[in-house]
Amino acid sequence: MKANKRIFFICFLFLLSGVTTPIISQTLTPPRFYTGVELNNKNIFFRDDGGYAGFFVGTELFSVSFIAPEIEVKYLTGNIEYEEADVEGIISGQLNHAMPSKSITSGEFDSWTYSITPKLAFGDEDFRFLILPKYSIASTSVRASYHVIDDAREYYSRVEQDEKKERQSYFTFGIGAEGHIFDTDKLSFALTLHYSAWNIRELFDGLNVKGLRGEEGKGAIGIGFRVYFNPFARL
């Protein structure tokens with residue numbers, strides 16, 4: 001994790017030093033603020049069920065030429081549920097051989113992530129193509145439970161439960177397009193497509209709960225929608 005941080009910041013500083021020299025005389029635009037949502041593909045994150053959503057706010061610190069770095073805070077949340085058919089198990093601590101049952105393993109997580117993005121934007125004020133390499137640090141809580149459900153009595157008992165909290169770092173790479181919908185420079189909108197290397201699966205695999213599956217993918221493809229607000233622009 002420390003090595004990834006050093007690599008990222010060295011690359012970021014190299015990028016800034018290399019491209020800012022020839023454009024230092026150009027106009028530096030003031031900050032803009034943005035908020036948005038994202039949805040991530042469950043078929044890559046978890047094979048059968050899951051997926052996750054994010055809600056975020058951030059700031060484009062400045063814009064000069066095609067460089068527009070951003071900082072961002074995001075809340076992510078998601079869940080999983082696996083159902084297994086007709087097993088005999090332990091119900092409320094008692095062995096039950098007479099009645100068939102089903103087992104359900106469920107889990108959920110929530111995470112706060114803090115990100116820096118050396119965004120590149122090409123185009124003009126009406127339309128810009130975006131390149132979004134992002135480095136994030138996530139503080140994530142995961143919880144999972146294993147239940148045995150008796151079909152005859154419609155009764156279920158939680159047999160196992162575990163939870164943990166951990167910090168991770170990961171990279172995301174995205175592309176997008178930004179433009180104006182309304183006749184004002186204060187608001188613009190962007191659609192993005194991204195791949196996240198966030199390994200949330202690793203956290204669930206570390207829980208001591210029966211039924212968690214370890215063969216699913218570790219990354220996710222997602223789409224996002226942003227609204228940018230420029231308080232310094234004229235109406």
Side-chain angles (χ1 to χ4, degrees), residues 1 4-5 8 11-12 32-61 68-82 106-123 127-144 165-179 181 187-205 212-229:
M1 179 175 174
N4 288 339
K5 289 182 181 179
F8 172 77
C11 293
F12 183 57
R32 296 191 302 162
F33 306 97
Y34 66 90
T35 186
V37 298
E38 68 177 44
L39 299 174
N40 296 275
N41 188 302
K42 66 181 182 180
N43 292 324
I44 292 179
F45 182 69
F46 289 118
R47 186 184 63 187
D48 295 329
D49 200 358
Y52 58 98
F55 310 89
F56 53 85
V57 294
T59 301
E60 181 186 274
L61 299 175
E70 297 177 342
I71 57 174
E72 181 180 290
V73 178
K74 182 186 301 180
Y75 175 74
L76 293 160
T77 184
N79 61 81
I80 59 173
E81 184 173 294
Y82 302 131
S106 61
E108 60 183 6
F109 75 90
D110 56 78
S111 177
W112 287 97
T113 70
Y114 307 90
S115 306
I116 180 171
T117 306
K119 183 178 74 175
L120 306 178
F122 303 93
F127 177 84
R128 298 201 298 176
F129 174 73
L130 310 178
I131 299 177
L132 303 163
K134 181 184 295 185
Y135 176 77
S136 301
I137 296 176
S139 179
T140 308
S141 298
V142 295
R143 299 164 294 278
K165 185 175 183 178
E166 192 170 311
R167 180 174 295 179
Q168 296 172 296
S169 63
Y170 62 95
F171 288 97
T172 301
F173 181 80
I175 57 174
E178 178 190 351
I181 297 178
L187 291 177
S188 62
F189 302 86
L191 289 175
T192 62
L193 175 68
H194 63 264
Y195 172 78
S196 172
W198 187 31
N199 189 0
I200 184 66
R201 181 74 256 176
E202 181 180 64
L203 296 183
F204 276 102
D205 286 344
L212 285 176
R213 303 174 181 175
E215 71 272 19
E216 290 80 4
K218 297 180 179 180
I221 292 177
I223 59 173
F225 175 74
R226 299 181 175 194
V227 179
Y228 284 91
F229 174 67

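For this chain, numbers begin at 1 and follow the sequence in order.
With values rounded to the nearest 0.5 angstrom, Ile137 atom CD1 is found 11.5 Å from Gln168 atom CD. Here the CZ-OG1 distance, from Phe225 to Thr35, works out to 10.0 Å after rounding to the nearest 0.5 Å. Put simply, CG on Leu130 and CG on Leu193 are 12.0 Å apart, with the number rounded to the nearest 0.5 Å. The distance from atom OG1 of Thr117 to atom CD1 of Ile131, rounded to the nearest 0.5 Å, is 13.0 Å. Expressed to the nearest 0.5 Å, how far OG of Ser139 lies from CZ of Arg167 amounts to 6.0 Å.
Between Leu187 and Tyr228 the shortest side-chain heavy-atom distance does not fall below 4.5 Å. Taking the side chain as every heavy atom from C-beta outward, Lys74 and Glu38 approach each other to under 4.5 Å. Annotation: side chain of Thr77 is not in contact with side chain of Tyr52 (no heavy-atom distance under 4.5 Å). With contacts defined as side-chain heavy-atom distances shorter than 4.5 Å, the pair Ile223/Leu191 does not qualify. Annotation: side chain of Val57 is not in contact with side chain of Phe33 (no heavy-atom distance under 4.5 Å). Considering only heavy atoms from C-beta on, Thr113 stays 4.5 Å or farther from Phe56 through its side chain.
Among Glu60, Glu72, Glu178, the single residue meeting the salt bridge (charged side-chain N to carboxylate O under 4.0 Å, His left out) criterion with Arg226 is Glu72. Put simply, the residue from Tyr114, Tyr135, Trp198, Tyr195 that forms a ring-ring contact (aromatic ring centres under 6.0 Å, His included) with Tyr170 is Trp198.
Among all heavy-atom pairs drawn from Ala138 and Ser111, the shortest one is CB-OG, 3.5 Å. When every heavy atom of Leu132 is checked against every heavy atom of Thr192, the shortest pair comes out as CD1-CG2, 3.7 Å. Between Asn40 and Ala220, the shortest heavy-atom distance links the atoms CB-CB, 4.1 Å.
A donor atom on one side chain and an acceptor atom on the other are not found under 3.5 Å apart for Ser188 and Arg128.
For Ser136 (side chain) and Ile116 (main-chain N/O), no donor-acceptor pair under 3.5 Å exists by modelled atom type.
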So Phe129 and Leu120, side chain to side chain contact (heavy atoms under 4.5 Å, CB included) or not? Walk me through it. CA-CA 8 Å; Phe129 174 73; Leu120 306 178; over 6 Å; no
